[in-house]
Amino acid sequence: MSVAAIEVSNLHKRFGPLEVLKGISLKADQGDVVSIIGGSGSGKSTFLRCINVLETPSEGTIKVHGEEIAMRRDSAGSLVPSDRRQLQKIRSRLGMVFQNFNLWQHRTVVENLIEVPVHVLGQPRDEAIALADELLRRVDLYEKRDVYPCFLSGGQQQRAAIARALAIKPEVMLFDEPTSALDPELVGEVLSVIRDLALEKRTMILVTHEMKFAQEVSSKVVFFQNGLIAEQGSPGDIFGAPKTEALRKFIRSIH
Ligand SMILES: Nc1ncnc2c1ncn2[C@@H]1O[C@H](COP(=O)(O)OP(=O)(O)OP(=O)(O)O)[C@@H](O)[C@H]1O
Ligand SMILES: [Mg+2]
């Protein structure tokens, strides 16, 4: 049996007295597209941020292709990553795309794509540029390679952000509501890039409010409620035959 691309076990996250994640276990096999849906504040972003340790979990384990992210307890009893080099290596296997693009505004599009490959991962500059140009062609932004992000539309910025995440050749892509900051007419162009990634069987975990899209591309859909997985299953199960009243209500509220 092959090793899961991502395996999270019993993840808890507390912010002071507030327990935002209350024991989440989730597995994504290679080639899976796992969509996470759920109401505002249910912990979706926090979960995604814990996977690459942008937030440190309070309890639980995270494995990327079988390798567990090393953590220890500090003197206050909180978990902290205990192996910086391992963490950097694991992060370089995860591409993250945020709601608000998070491009470096003082760098051109192509510079955004080569920054981490060259300065963090130590790749030769010409190789990084060749890959960046190939990715920019793929997301139809080659003409904008030397432009600063503020001159791009939201949809173009998000496509550049996806290309930037792909530039580290990640094994898994993590998307946190990649289209929810976009004007409606720009949503389609970004979904179409993500759809292509799904078609080429890239492993992805996608937080989204685009239910039709989730239904179309996901191998598994997970419904978060109050920091727990309330329901999970195939898109057909989740959208066609929701079991809990909470999920039925959520689906109704979206339409
Ligand atoms: N850094 C933080 N400090 C304190 N509380 C936080 C922090 N980050 C998130 N929270 C709280 O954790 C809860 C879950 O937030 P999270 O952003 O994960 O929800 P979400 O499911 O992504 O919601 P949305 O759909 O609105 O994006 C919320 O109550 C939020 O206020
Ligand atoms: Mg969120």
Side-chain angles (χ1 to χ4, degrees), residues 6 8-26 28 33-62 69 71 74 76-81 87 91 94-103 154 157-158 161-162 165 172-184 186-187 190-191 194 204-215 217-218 220-233 235 238-239 242 244-255:
I6 297 279
V8 177
S9 305
N10 192 33
L11 194 78
H12 290 250
K13 176 64 183 176
R14 288 181 280 274
F15 291 109
L18 183 69
E19 189 168 37
V20 172
L21 300 177
K22 299 172 181 167
I24 302 267
S25 298
L26 184 72
V33 178
V34 177
S35 291
I36 300 178
I37 61 172
S40 182
S42 58
K44 305 178 301 294
S45 294
T46 305
F47 175 73
L48 219 56
R49 293 169 60 79
C50 281
I51 293 179
N52 56 5
V53 204
L54 293 174
E55 299 286 359
T56 312
S58 307
E59 272 170 63
T61 58
I62 298 156
I69 302 182
M71 310 238 200
D74 65 9
S78 307
L79 278 182
V80 286
L87 184 60
R91 280 194 180 138
L94 305 170
M96 176 105 186
V97 176
F98 302 88
Q99 184 173 352
N100 291 312
F101 330 134
N102 289 13
L103 292 168
Q157 289 197 47
Q158 192 59 301
I162 293 171
V172 179
M173 289 285 280
L174 308 172
F175 290 90
D176 191 359
E177 294 197 36
T179 59
S180 58
L182 299 176
D183 292 336
L186 302 178
V187 167
V190 172
L191 291 183
I194 302 173
M204 303 198 267
I205 301 183
L206 169 72
V207 173
T208 185
H209 281 126
E210 297 286 337
M211 296 299 136
K212 264 200 189 134
F213 186 70
Q215 198 160 359
V217 300
S218 309
K220 179 159 80 177
V221 181
V222 178
F223 172 55
F224 271 40
Q225 192 196 18
N226 281 329
L228 284 167
I229 294 181
E231 219 173 308
Q232 60 181 307
I238 291 293
F239 297 108
T244 58
E245 181 52 31
L247 177 55
R248 282 195 285 273
K249 212 170 140 190
F250 175 73
I251 292 171
R252 276 201 305 272
S253 76
I254 289 280
H255 287 300

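Start at 1 with the first residue, then count along the sequence. Every number for a ligand or one of its atoms is a count from 1 in the order of the listing.
For ligand 1, the polar-atom distance check against L18 finds no nitrogen or oxygen pair separated by under 3.5 Å. Of the N or O atoms in K44, one or more lie within a sub-3.5 Å distance of an N or O in ligand 1. The shortest N or O to N or O distance between F15 and ligand 1 is not under 3.5 Å.
Set against the non-hydrogen atoms of G43, the atoms of ligand 1 under 4.0 Å away are 14 (C), 18 (O), 19 (O), 20 (P), 21 (O). Distances below 4.0 Å separate heavy atoms of S45 from the following atoms of ligand 1: 17 (O), 18 (O), 20 (P), 22 (O), 27 (O). Those atoms of ligand 1 that come under 4.0 Å of a heavy atom in G39, given as number and element, are 21 (O).
Residues M173 and I162 form a side-chain contact, since some pair of their non-hydrogen atoms from C-beta on lies under 4.5 Å apart. With contacts defined as side-chain heavy-atom distances shorter than 4.5 Å, the pair F175/L48 does not qualify.
Rounding to the nearest 0.5 Å gives a distance of 9.5 Å between CD1 of I37 and OG1 of T208. Note that CZ of F239 and CZ of F223 are 10.5 Å apart. Values are rounded to the nearest 0.5 Å. Taking OG of S45 as the start and CG of L54 as the end, the distance is 11.0 Å to the nearest 0.5 Å.
A donor-acceptor distance shorter than 3.5 angstrom exists from the side chain of K44 to the backbone of G38, with no hydrogens or angles considered. A donor-acceptor contact shorter than 3.5 Å is absent between the side chain of S9 and the backbone of S25. At least one donor-acceptor pair under 3.5 Å links the side chain of S58 to the backbone N or O of R14.
Residues I251 and I238 approach most closely at CD1-O, 3.4 Å, considering heavy atoms. The two atoms that bring I62 and C50 nearest to each other are CD1-O, 3.2 Å, heavy atoms only.
Contact annotation for atom 31 (O) of ligand 1: protein absent (non-hydrogen atoms, distance under 4.0 Å). Under the 4.0 angstrom criterion, atom 9 (C) of ligand 1 counts as having a protein heavy-atom contact.
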Test side-chain hydrogen bond (donor to acceptor under 3.5 Å, both in side chains) applied to T46 and E55, step by step: CA-CA 7 Å; T46 305; E55 299 286 359; 5.9 Å; no

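If you check which protein heavy atom lies closest to atom 12 (O) of ligand 1, you get V20 CG2, 3.1 Å. At the shortest separation from atom 26 (O) of ligand 1 among protein heavy atoms lies S40 OG, 2.6 Å. The protein heavy-atom contact nearest to atom 16 (P) of ligand 1 is T46 OG1, 3.5 Å. For atom 27 (O) of ligand 1, the closest heavy atom belonging to the protein is E177 OE2, 3.6 Å. Closest to atom 23 (O) of ligand 1 among all protein heavy atoms lies G41 N, 2.8 Å.
The shell of residues lying under 4.0 angstrom from ligand 1, judged by heavy atoms, excludes G227. For S42, the closest heavy-atom approach to ligand 1 falls below 4.0 Å. Contact between K13 and ligand 1 is absent, with no heavy atom of the residue lying under 4.0 Å from the ligand.
Residue side and main chain included, S45 places an N/O/S atom under 2.8 Å of the Mg ion (ligand 2).
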